[in-house]
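For reference, the structure is listed below as structure tokens.
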Number of protein chains: 2
Amino acid sequence: MQDRMKPYWQEDGITLYQGDALAVLRTLPDASADAVIADPPYSSGGVFRGDRAGRTSSTKYVTTGATLAGPAFTGDNRDQRSYSYWCALWLGECLRIAKPGALLVVWTDWRQLPSVTDAVQAGGWVWRGIVPWTKPQHRSRPVKGGFWNQAEFAVWGSNGPLRKEPDYAPCLPGHVHAASPDPADRVHITEKPREVFDLCVQAAPPGGLLLDPFAGGGGLLVAARRGGRRAIGIELAPEYCQAAVQHLARERRRGDQGVLEVTDG
Amino acid sequence: MQDRMKPYWQEDGITLYQGDALAVLRTLPDASADAVIADPPYSSGGVFRGDRAGRTSSTKYVTTGATLAGPAFTGDNRDQRSYSYWCALWLGECLRIAKPGALLVVWTDWRQLPSVTDAVQAGGWVWRGIVPWTKPQHRSRPVKGGFWNQAEFAVWGSNGPLRKEPDYAPCLPGHVHAASPDPADRVHITEKPREVFDLCVQAAPPGGLLLDPFAGGGGLLVAARRGGRRAIGIELAPEYCQAAVQHLARERRRGDQGVLEVTDG
DNA sequence: CCTCTCGATGAATCCATCT
DNA sequence: AAGATGGATTCATCGAGAG
């Protein structure tokens, strides 16, 4: 662990660092996080390698004429071996930061799933399962002559044996079925629905600390505050750091309204 | 391809061979199957290596002393390397038997998923996706301090480019949510629900030929006939061959009743 | 029709002990 | 010390049936 960095933003137990995930992770203290929730760039593309090179996320993920909600995100063109290697690096660093028994959740698509399970174990975590997130067909991609592509996957594991303490050792649902947010409401291109974030947040006990090395639009940070957890987010792109902070501010206003509505009812 | 074997049973375009999958596959003709649907023994169980070896399916998967449907099945004790190797062998043989553009569906659990995706590609198939089957929580197992284990996975691919013919190139659902059949109604310990078989059957066009190298209790053969497809099943255990034939006979009677009921209504 | 209790269920897992 | 063996046990869920 190196010297502490200056946060990009901090409020209500939510901290956001701007910078490269590996670089920032190295500055975080040992055995401090109750759970690590990671949604790294998938680095996926065509079935054959040539399809994968030289395109940025704006052309890859937006097939219709819809306008791109945010800046193209980087780090999404690694080939498979270097992707596994890179994942093993930051996963190993996360292991150091995680408390014993802490949970790990890493999101991926079908194509990178085997690389991610390898990397999780290479990073020293105990791999314990896969949680599918399934989307309704109208929000996913048809494959002519095959099966719809309507699932993404969370590879999950733990730092050593699972927590058994009676105070917080829940049995969490092993499947989420929810639609992606409407493109108009999306902060990040690949933003996951609220249901997914709300599940991930429960990987840490109330008041516990979540670590999100690829914070993107800040969806997990928002969910962490909503669920009464602290969180540390890391995001490389300044545009997304700004978007995440705005997201947190917007949801705080909406949350206040929610509280008022509850009081009224 | 070697000499034809004598079928164990044959009727209505459904053929069942009794024998080792690899041995029987070698006797089947080239480019004859429209789809391959495989539900091999998972050789799974145990987060750590020691828990994976030397147990039979009856002691491994059945905790309560209750209802053991049928005998324990064999071939469920391979270590990870030999499991991948063995899968690549029969998958390669299936590729030879498959028509160009034929679909492949291989069922597995989370633990063997990466091995199976490797083996599918090693066998020469183009890997194209993962279809999760999710179960309701009350028919799956809680994991204290973690996520419920409530999904199994179909790794799917094709023999070369996907079929594009307008006559049969459907977009099939990429997710099934269904409960396991009631233990009393099960022919095989690990039998999948009807919804799963009905989806798999659609991988071949109506009248087309399905190949099931691990027929077990015959669930896919029954579904194939129900869906108007032909099928070739292979099963090693004579007990399960017999059970599959009985299953087909029972469902034929039930099917006749079903037709009558529809006529009545 | 609603609420409650009760029981069955699970393609395993944990851990002490022995080799 | 590492691996193999064997025995004991997990608990939230939801349907059925009763009240």
Side-chain angles (χ1 to χ4, degrees), chain A residues 100-101 126-132 156-158 160-175 199 202, chain B residues 38-80 83 87 105-116 131-155 176-193 196-197 214-217 219-220 237 240:
Chain A
V126 178
W127 176 34
R128 293 186 181 269
I130 297 175
V131 178
W156 75 275
S158 61
L162 288 172
R163 278 190 289 258
K164 296 284 178 201
E165 303 96 71
D167 53 328
Y168 196 74
C171 296
L172 301 169
H175 170 223
L199 175 61
Q202 295 177 64
Chain B
D39 191 7
Y42 290 178
S43 277
S44 210
V47 169
F48 299 101
R49 203 172 145 266
D51 287 321
R52 253 171 263 153
R55 308 195 180 203
T56 64
S57 59
S58 52
T59 58
K60 223 162 49 168
Y61 302 128
V62 181
T63 51
T64 61
T67 53
L68 176 60
F73 54 94
T74 54
D76 201 45
N77 290 296
R78 287 171 232 264
D79 72 36
Q80 207 133 38
Y83 185 75
C87 286
V105 176
V106 186
W107 287 97
T108 183
D109 72 348
W110 63 271
R111 204 183 310 265
Q112 295 290 13
L113 187 47
S115 300
V116 170
V131 177
W133 160 39
T134 56
K135 319 171 199 187
Q137 292 188 342
H138 73 283
R139 297 317 274 284
S140 46
R141 198 179 284 264
V143 179
K144 183 117 180 106
F147 297 88
W148 284 67
N149 211 310
Q150 62 184 106
E152 292 179 36
F153 304 93
V155 174
V176 190
H177 184 81
S180 305
D182 201 70
D185 302 332
R186 236 178 268 171
V187 180
H188 194 275
I189 314 179
T190 63
E191 190 169 313
K192 295 190 163 45
V196 166
F197 291 125
F214 306 95
L220 186 84
Y240 280 124

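This is a predicted model, so every value here is computed, not measured. Both backbone and side-chain heavy atoms feed into the values below; hydrogens, waters and symmetry mates do not. Numbers restart at 1 for each chain; the letters A, B, ... are given by sequence-line order, proteins then strands.
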Results of ring pair (Phe, Tyr, Trp, His ring centres under 6.0 Å) for B/Trp107 - residues two or more places apart only
none

Taking [atom1] from [X] and [atom2] from [N], how many angstroms apart are they, rounded to a whole number?
X        : N      : atom1 : atom2 : value
B/Asp182 : C/dG10 : CG    : C1'   : 13 Å
B/Asn149 : D/dA12 : CG    : C1'   : 14 Å
B/Trp110 : C/dA12 : CH2   : P     : 9 Å
B/Asp79  : D/dG3  : CG    : P     : 14 Å
B/Leu113 : C/dA11 : CG    : C1'   : 14 Å
B/Ile189 : C/dT9  : CD1   : C1'   : 15 Å
A/Tyr168 : D/dA12 : OH    : P     : 13 Å
A/Ile130 : C/dA11 : CD1   : P     : 15 Å

Of the listed nucleotides ([options]), which one gets closest to any side-chain atom of [X]?
X        : options                : value
B/Lys144 : C/dC14, D/dA12, C/dA11 : D/dA12
B/Arg141 : D/dA12, C/dT13, C/dG10 : C/dG10
B/Asp76  : C/dA11, C/dG10, D/dA12 : C/dA11
B/Trp148 : C/dT9, C/dA11, D/dT13  : D/dT13

[X] near the nucleic acid: base, sugar-phosphate alone, or nothing, with a heavy-atom cut-off under 4.0 Å?
X        : answer
B/Gln150 : nothing
B/Trp107 : nothing
A/Pro161 : nothing
A/Pro173 : nothing

For DNA chain D, determine which residues of residues 132-140 of chain B have any heavy atom closer than 4.0 angstrom to one of its atoms, and list them numerically.
B/Gln137, B/His138

Just verifying a value: how many Å separate B/Gln112 CD and B/Ser43 OG, rounded to the nearest 0.5 Å?
6.0 Å

Using a cut-off of strictly less than 4.0 Å, decide whether B/Arg111 has a side-chain nitrogen or oxygen near OP1 or OP2 of C/dT13.
yes

Looking at residues at least two apart in the chain, or sitting in another chain, which of them share a side chain to side chain contact (heavy atoms under 4.5 Å, CB included) with A/Pro170?
A/Tyr168, A/Leu172

Sequence neighbours excluded, the answer for side chain to side chain contact (heavy atoms under 4.5 Å, CB included) partners of B/Pro193 is B/Trp133, B/Ala178, B/Pro181, B/Glu195, B/Val196

Those residues at least two apart in sequence (or on a different chain) that pass side chain to side chain donor-acceptor pair (under 3.5 Å) with B/Gln150 are B/Gln137

Checking B/Leu220 against B/Phe214 for the side-chain contact (heavy atoms from CB on, under 4.5 Å) test, could you report, in this order, the C-alpha distance in whole Å, the side-chain angles of both residues, the deciding distance, and whether it holds?
CA-CA 10 Å; B/Leu220 186 84; B/Phe214 306 95; over 6 Å; no

Any donor-acceptor pair, under 3.5 Å, between the side chain of B/Asp109 and the base of C/dA12, if you only look at N and O atoms?
no

Give me the distance, rounded to whole Å, that separates D/dA8 from C/dA11 when you measure between the P atoms they each carry.
23 Å

Non-hydrogen side-chain atoms of A/Ile130 and B/Phe153 separated by less than 4.5 Å
yes

Report yes if some heavy atom in the side chain of B/Val106 is under 4.5 Å from a heavy atom in the side chain of B/Pro40; otherwise report no.
yes

Taking the six-membered ring for Trp and the single ring otherwise, decide whether the centroids of B/Trp110 and A/Trp127 are under 6.0 Å apart.
yes

Tell me whether B/Tyr42 contacts the main-chain N or O of B/Arg111 through its side chain, where contact means a donor paired with an acceptor under 3.5 Å.
no

What stems show up for DNA chain D when you take Watson-Crick pairs (N1-N3 plus N6-O4 or O6-N4) and G-U wobbles (N1-O2, O6-N3), both under 3.5 Å, and require three or more consecutive pairs?
C:2-10 with D:11-19, C:12-19 with D:2-9

